[in-house]
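Let me begin by presenting the structure, written as structure tokens, before commenting on it.
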Amino acid sequence: MKGLSIVIIGGGAGLGALLAEMAVAEGATALGIIDLNATAAEAALTPARTAGIPHAFAACDIRTADAAHAAFAEIARALGRVDTLINSAAIYPRKPILEISDADWDASNAINVKGTYHMMVAAIRQMRNQDPIGHIRGRIVNITSVDAFKAHPQNAHYAATKAAVVSLTKSMAQEVAPDGILVNSVAPAGMATEKARESGFLGELAKASPLGRGGEPREMAEWVLMAGGPRNTYMTGENIIVSGGYIYA
């Protein structure tokens, strides 16, 4: 991420916070965090403060365009430039497929699909007005999921939203390719997070993977940073599946 100004949506915790830490370690020149939780967003900027690089955070409910665009504009003004947007905000509801309510559908779609879309639009408006670095004016990486490609009757509404984001990524990539903006997505498998360890979920992850273990969050994050970093100058409209073979098993 050397030399790039990064904005992470949902960067206050989990994979988003890890991406913030890793981006700074890899040489990002500025970092912005947008999250519903203002305290968490500010805390996630600690690596940027320590490194002495420009940083900013905004608390935002990304379900509405006005709020999402205003928060992004605030961060962009503070940083001066946004080279990479990472959309990591999502909710992960679980409910039997025949019991999903209208409210369940609305909540999942509003955050996982609409929120991702709103932030992409805000970033593209910013990136189109920036001078390119080489051929590239900006990069967008959306976090999807292997659940988009496998049967998941216990979280069908989540899986459906992630499939929607895969499709949305491709459509947006084609729209902005002439502007020199690359749009890709990364689909992780279940990760060996601290929460997964505490809930006893690691055994299920290990059983599902031909590699015999769940992926570490850092292993997933590496692919996000590759897609959103300076080494990616040509890939767009792609979905990178990081499943440890689970998707093919």
From [X] atom [atom1] to [Y] atom [atom2], the distance as rounded to the nearest 0.5 Å:
| X | Y | atom1 | atom2 | answer |
| --- | --- | --- | --- | --- |
| Arg81 | Ile6 | CZ | CD1 | 11.0 Å |
| Asn112 | Thr144 | CG | OG1 | 11.0 Å |
| Ile124 | Leu85 | CD1 | CG | 9.0 Å |
| Gln130 | Asp179 | CD | CG | 11.5 Å |

With side chains defined as the heavy atoms from C-beta onward, is the minimum distance between [X] and [Y] less than 4.5 Å?
| X | Y | answer |
| --- | --- | --- |
| Met120 | Ile140 | yes |
| His152 | Tyr158 | no |
| Ile240 | Asn184 | no |
| Lys150 | Tyr246 | yes |

Using a cut-off of 6.0 Å, state whether more than 12 heavy atoms not belonging to [X] lie near its atom [atom1].
| X | atom1 | result |
| --- | --- | --- |
| Arg231 | CZ | no |
| Gln154 | CD | yes |
| Trp223 | CH2 | no |
| Tyr117 | OH | no |

### Task
Identify whether Val166 and Tyr248 are in the same connected component of the hydrophobic contact network (ILVMFWY, side-chain heavy atoms under 4.5 Å).
yes

#### Entry: Common cluster, Val165/Val146, ILVMFWY with side-chain heavy-atom separation under 4.5 Å
no

Tell me the closest heavy-atom pair linking [X] and [Y], and the distance in Å.
| X | Y | value |
| --- | --- | --- |
| Pro93 | Ser108 | CG-OG, 3.4 Å |
| Leu79 | Ser5 | CD1-OG, 3.6 Å |
| Ala173 | Val183 | CB-O, 3.6 Å |
| Gly11 | Ala44 | O-CB, 3.2 Å |
| Ala227 | Asn232 | O-ND2, 2.9 Å |
| Val176 | Arg128 | CG1-NH2, 4.0 Å |

### Message
Classify the ring geometry of His69 against His118: parallel below 30°, tilted from 30° to 60°, perpendicular beyond 60°.
### Response
perpendicular

### Query
Cut-off 3.5 Å, side chains only: do Thr116 and Asn142 have a donor facing an acceptor?
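No donor-acceptor contact under 3.5 Å links the two side chains.
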
### Query
Do you see a donor-acceptor pair shorter than 3.5 Å between the side chains of His157 and Asp104?
no

Counting distance only, does the side-chain N/O of [X] pair as donor-acceptor with the main-chain N or O of [Y] below 3.5 Å?
| X | Y | value |
| --- | --- | --- |
| Glu99 | Pro96 | no |
| Thr46 | Ala43 | yes |
| Lys114 | Asn109 | no |

### Query
In this structure, which one of Leu15, Leu19, Val7 forms a side chain to side chain contact (heavy atoms under 4.5 Å, CB included) with Ile86?
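Per the side chain to side chain contact (heavy atoms under 4.5 Å, CB included) rule, the option paired with Ile86 is Leu19, out of Leu15, Leu19, Val7.
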
### Query
So Val242 and Glu222, side-chain contact (heavy atoms from CB on, under 4.5 Å) or not? Walk me through it.
CA-CA 10 Å; Val242 190; Glu222 292 285 3; over 6 Å; no

